[in-house]
Structures are given as C-alpha cells and as structure tokens.
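Below is one structure, written out as structure tokens; comments come after it.
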Amino acid sequence: MKTLRRYLTREIIAATALVFAALLMLFAFFDLVEQIKDLGRGSYRLRHVLLHVLLSVPNHVYELFPIAALIGTLFALAQLVESSEYTVMRTSGLSVTRMAATLVGVGGAFALLTFVFGEFVAPPAEQLALRMRSQAITGLVAQEFRSGLWIKDDKSFINVGEIMPDSSLRNVRIYEFDDAHHLRSISLAESGNYLQERRWMLKDIVQTTFEDRKTGIKAMGEASWQSVLDPALLNVLLVKPDQMSAWRLYSFAQHLRENRQKTLRYEIALWTKLLYPIAVLVMMVLALPFAYFQRRQGGIGAKIFAGIMLGLAFHFLNRLFGHLGLLNDWPPILSAISPTLIFLSVAVGMLWWQERR
C-alpha cells in the first residue's frame, strides 16, 4: 500500500503542478493586458507593468489552490481510470476510504502551502504592487495602517481614519509642513465629502497652527480642501479585506470594535481566510468519486472541463455567501464555511453512493 500511496501522491502532485502552471500563465496574461492600459501614465513604464504582474502571482496562487487541486486530482485519477490502473488498485484491495485518506494526506500539504501563501506571501506582495503602481502613476506615497490610510501629498501628510461606501471620509487629519520641513499646522476634520476636480468639503474642523513659537487653535464648521485624492484613487490605494492576512484582519477588526464601528465585513474575510485551506482538502476528496463516476461519460478532456466548472462554482459560491452574509448580518463563520460544507456534503454523498454500488 505504501508503494501505491507514493505513486498516487507523485501523480497528483505532478498533475496539480501542470494545472497550476497553465492557470498562472493564463491569469498573468490577463494581468498584463489589464496593466498595459495604464502604460505611459505618469512614470508607469514596462518594467513597472512586469513587476506588478510578478507581484500579483502569489495572490493568484492562493486563490487558485482549491481549483488547481481539484482539476489536478481529477486529471490524475482520470488517467488512472482510462488506463484501468484504478480498477487494478481497487481489485488489489485499495478501498475508497484508503484512497480518500491518501488524497487528504496530499491535500494537507497543499492546505499548508495555501495558508502560507495567503498569510505570509500574497498580502505583502499585493500591497507592494499597489504602492508601486500608485506611486509610479500619481507620484503619491501611501500606506495603510491600523490608524487608517496615510498619504503624502506634496508638503502634507494626510491620515484618513475611515472611508465610507459612498467614498466620503471620516476622521481626516492633515499635517502641513513648510519648505524647511517644519510643522506648520494640524487640521482635524470629522468628515469630508467629495465635490469635484479633487476638491473636498471638510466639516467640523479644528485647526492648530504653529507660527513664530506661538500656537493658535481655530474651529470651523466647514471648509473647502484641495487634494490629490479622489474616490477613484482611494479605491486603488486601499487593500481589499480578502487580500489582507488573517492577523491583519483580526487586528483591524479589533480596532474597529474598540471604536464601535461595524466589523462584519472584516470578520467574514477573516473566517474565510482561516477556512479557505480546508477547501483544498474538500476539492480533492470531491475529485475521487467524480472522476470514477464519469468514466463512461467522456474522456479526460470532459473530466477536466467538469473540474473547471466545479472550481468556478465553488469560487462564485464563496463570493455569493460572503455578500449574502454581509447583507443579512449572518454569523461570519456561517458565511465563510457554508460553501465548503456544501461541497463536502456532495463529496461524501457521492462516495457513499459509489460504495453502495
């Protein structure tokens, strides 16, 4: 049995690696086409485009792991079925349960790699890609922390505590410096609404000025503010919750909770991040009955197509439950785990049906 397990493991890993290479090249090509549209904007050159595509690869690795594992396992098992090796294995005493255990063993290694990429590799690479792109196109230097988004705008540093869905700003701090890099004023505004042509209307402002060793404080109901920021640029600068690491999501949710702000979106993203590696195991177990069940209904090409459809169904179902949970205030863990449970139920049901035959 050890020989069979090693053989199956080698075949599955080789097939999954082949599928991964094809999918990553495809998605890298899509990224290249998307980024080329901005070629020439500001100082955005071909080297920036290629670097952005390269830095996007780790995030694709993380997102595609369940799909690649499913298609790779289907491909490997389909080849075994086509060559009758699978039938020989079954008649030699290899039960479906032992086959599933072998898949879970390989899937455990894949799940660990998924977690590593999702937690330690993809988030910093994605943030670096966003910063590099925005700095090359707009000249802005920006970084997102627990205290909000920080942006350098000429001689000013801007801190935006929160960006609302309608692109309005909350808790805006503006630190203005003079040519000698001395702090000239600090402006704190409760909110800011976009007008047009990169002009904002700030409300409930408290401004502290520093001039000739004197400090002055002035309160204003509202004031117009000219900045390089606009809603489109803010959407580019902000890192999406599903591209953050689990630790950063937890830290950010805690920060929002301490400030009595809604955390559901980040909690759903956190649970999804933690449970996503388990989906790799479920996809591989699902491939076992599906590959054998389809042996008389098409060749290897048909099975690969079926795997792609199943992978896409899981991907869209994952996003659907995330949005439904956000809209209906479902428990975060329920929104995150429901797609995996649905596909696990299908896999277990098909395995049970196959054993009953």
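Here the structure is a predicted model, which means the values were calculated and not measured.
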To the nearest 0.5 angstrom, please state how far the [atom1] atom of [X] sits from the [atom2] atom of [Y].
X	Y	atom1	atom2	answer
Lys155	His181	NZ	NE2	9.0 Å
Leu286	Leu281	CG	CG	12.5 Å
Leu288	Leu77	CG	CG	6.0 Å
Leu103	Met99	CG	CE	6.5 Å
Ile71	Leu64	CD1	CG	9.0 Å
Met284	Leu70	CE	CG	9.5 Å

#### Entry: Full working for side chain to side chain contact (heavy atoms under 4.5 Å, CB included) between Arg248 and Gln127
CA-CA 13 Å; Arg248 191 177 180 196; Gln127 292 173 33; 2.7 Å; yes

Do any N or O atoms from the side chain of [X] and from the backbone of [Y] form a donor-acceptor pair under 3.5 angstrom?
X	Y	result
Arg198	Ser227	no
Ser187	Gln207	no
Asn328	Trp330	no

Side chains of [X] and [Y]: does their closest heavy-atom pair fall under 4.5 Å?
X	Y	value
Val49	Leu32	yes
Val106	Leu8	no
Pro332	Tyr266	no
Asn318	Tyr276	yes
Ile174	Asp153	no
Phe210	Ile186	yes
Asn171	Leu188	no
Asn193	Lys203	yes

### Query
Would Met132 and His48 count as a side chain to side chain contact (heavy atoms under 4.5 Å, CB included) if you check the C-alpha gap in whole Å, the side-chain angles of each, and the deciding distance to 0.1 Å?
CA-CA 8 Å; Met132 180 273 298; His48 298 110; 3.7 Å; yes

Shortest non-hydrogen contact from [X] toward [Y]:
X	Y	answer
Arg173	Tyr175	CD-OH, 3.5 Å
His60	Leu24	CB-CD2, 3.8 Å
Ala253	Thr263	O-CG2, 3.4 Å
Asp31	Ser56	OD2-CB, 3.7 Å
Val121	Pro58	CG1-CB, 3.6 Å
Leu274	Ala246	CD2-CB, 4.0 Å

### Ion pair check, Glu176 and Arg184, cut-off under 4.0 Å
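A salt bridge is present here (some side-chain N lies under 4.0 Å from a carboxylate O).
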
Which of parallel (below 30°), tilted (30 to 60°) and perpendicular (above 60°) describes [X] and [Y]?
X	Y	answer
Phe30	Phe27	perpendicular
Phe65	Phe110	tilted
Trp200	Tyr194	perpendicular
Phe115	Phe120	perpendicular

#### Entry: Audit row: Val61, Phe20, side chain to side chain contact (heavy atoms under 4.5 Å, CB included) steps and yes/no
CA-CA 8 Å; Val61 170; Phe20 239 133; 4.1 Å; yes

If hydrophobic clusters are built from ILVMFWY residues whose side chains come within less than 4.5 Å, do [X] and [Y] share one?
X	Y	result
Met350	Phe343	yes
Leu324	Ile342	yes
Val206	Leu169	no
Tyr62	Met25	no
Val33	Leu54	no

### Task
Classify the side-chain pair His315/Arg319 by whether it contains a donor and acceptor separated by less than 3.5 Å.
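His315 vs Arg319: donor-acceptor pair found between side chains.
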
### Gln226, CD atom: more than 12 neighbouring heavy atoms under 6.0 Å
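Atom CD in Gln226 is packed in, count exceeds 12.
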
### Within 6.0 angstrom of Phe29 CZ, more than 12 heavy atoms from elsewhere
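No, the 6.0 Å shell around CZ holds no more than 12 heavy atoms from other groups.
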
### Message
Evaluate Ile205 against Trp225 for side chain to side chain contact (heavy atoms under 4.5 Å, CB included), listing each step before the verdict.
### Response
CA-CA 11 Å; Ile205 309 158; Trp225 174 48; over 6 Å; no

### Task
Kindly indicate whether a cation-pi arrangement holds for Lys273 with Tyr250, taking the cut-offs as under 6.0 Å to the six-membered ring centre and within 45° of the axis.
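No, Lys273 does not sit over the ring of Tyr250.
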
